[in-house]
Amino acid sequence: MPLVTLSSVLKKAQKERYAVPSFNFSGIEDLRGILDAAQEVKSPVIVMTSVNIGKYWGIKGVAAYVRAMAADMDVPVVLHQDHTKDVETLKQCVDLGYTSVMIDASERPFEENVELSNRVAEYAHAFGVSVEAELGHISGAEEGAGDSDEMLTRPQDAQRFMELVEADALAVAVGTAHGFYTKPPKLDFDRLVKIGELTKVPLVLHGGSGVAEPDFVRSIECGITKINVGTELRYEIMQNLKKNFAADPDEVDIRKLVSSGRGVITEVAKHKMELFGSAGKA
Ligand code: 13P
């Protein structure tokens, strides 16, 4: 089927209380592994490019490739541009057929975040493309496990933000961070519930690699509808590649070294789909 919007998959997830996994991909093996998982367990799925991966592949090529893959599938696939600060890049993603984009103006003052997020929403919505915004700031795990009070999303601010911004999903800082954690993250579930009550918007949990499984389940009960996972997939596919390379360092066909990564990713992604409750929801 054609690519679908973030808004369409998250509205259903919010109503039926599950979360749609959103995976960062770097290459063809992990992308196809993720899509295989969605097809096998009948789950909606979001595949995301970062700014750097967009530059590495060329977003024109990414958009064309993912669109072609999704067309042959019978589960909903969203192509999403992750954390982007630059409005022009996001407009380009919209023009090329992405069905969702994330404006990350979370390091800017509140009013500027509102203004930039709305500027992106106005453009994207004119083309039927969804928008995720961020309030509070989700850091890198190396900066601390995202638990500095300063950076967490304040529920009253989230309410005001969503009164002013036409976003379809809101990324919140509730104790997670990007990258592998140096100490276990402590999620602020009360804060999450309050944000959900005051905003009613589908909420997004970033920094999914290394979050304990019961914490995922509880965060979904508290209103999370999209969960981002990146580092864990990169780690697993690299472990597989290192193993293959060690077993045959003289191999000259790159496909023999990388292609089994696809199945490794499928297993990890399927497990997340079962855990997040999205399996069977396509
Ligand atoms: P991890 O790489 O920590 O899983 O985070 C992914 C993410 O939140 C991308 O926006």
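Positions are given from 1, in the same order as the sequence printed here. We count ligands from 1, going down the list as the structure has it; atoms in each ligand are counted the same way.
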Residues Glu197, Lys194: salt bridge by 4.0 Å N-O rule = no
ring-ring contact (aromatic ring centres under 6.0 Å, His included) with Phe25: which of Tyr56, Trp57, Tyr65?
-> Trp57
If you count the atoms of ligand 1 from 1 in the order shown, which ones are under 4.0 Å from a heavy atom of His83?
-> 10 (O)
Sub-3.5 Å N/O-N/O distance, Gly230 and ligand 1 = yes
When you check the side-chain N and O atoms of Ser130 and Ser7, is any donor under 3.5 Å from an acceptor?
-> no
Atom 7 (C) of ligand 1 - nearest protein heavy atom and its distance | His178 CD2, 3.3 Å
Basic-acidic side-chain contact under 4.0 Å: Glu115, Arg108 | no
Closest to atom 9 (C) of ligand 1 among protein heavy atoms sits Asp82 OD2, 3.0 Å
Heavy atom of Glu232, distance to ligand 1 below 4.0 Å | no
Note: ligand 1 atoms sitting under 4.0 Å from heavy atoms of Val229 are 4 (O)
Distance only, no hydrogens: is a donor on one side chain within 3.5 Å (strictly under) of an acceptor on the other, for Asn240 and Ser260?
-> yes
Ranked by distance from atom 2 (O) of ligand 1, the top protein heavy atom is Thr231 OG1, 2.5 Å
Check: Asn24 N/O within less than 3.5 Å of ligand 1 N/O = no
How far apart are the closest heavy atoms of Val229 and Ser209, and which atoms are they?
-> CG1-OG, 3.8 Å
Does the side chain of Ser106 pick up a donor-acceptor pair with the side chain of Asp104 at under 3.5 Å?
-> yes
Best match, Pro185, Gly179, Ser50, Ser209: closest heavy atom to atom 4 (O) of ligand 1 | Ser209
Protein heavy atom at shortest distance from atom 8 (O) of ligand 1 = Gly207 N, 2.8 Å
Ion pair present between Lys226 and Asp168, side-chain N to carboxylate O less than 4.0 angstrom?
-> no
Go through ligand 1 atom by atom and flag the ones less than 4.0 Å from a non-hydrogen atom of His206.
-> 8 (O), 10 (O)
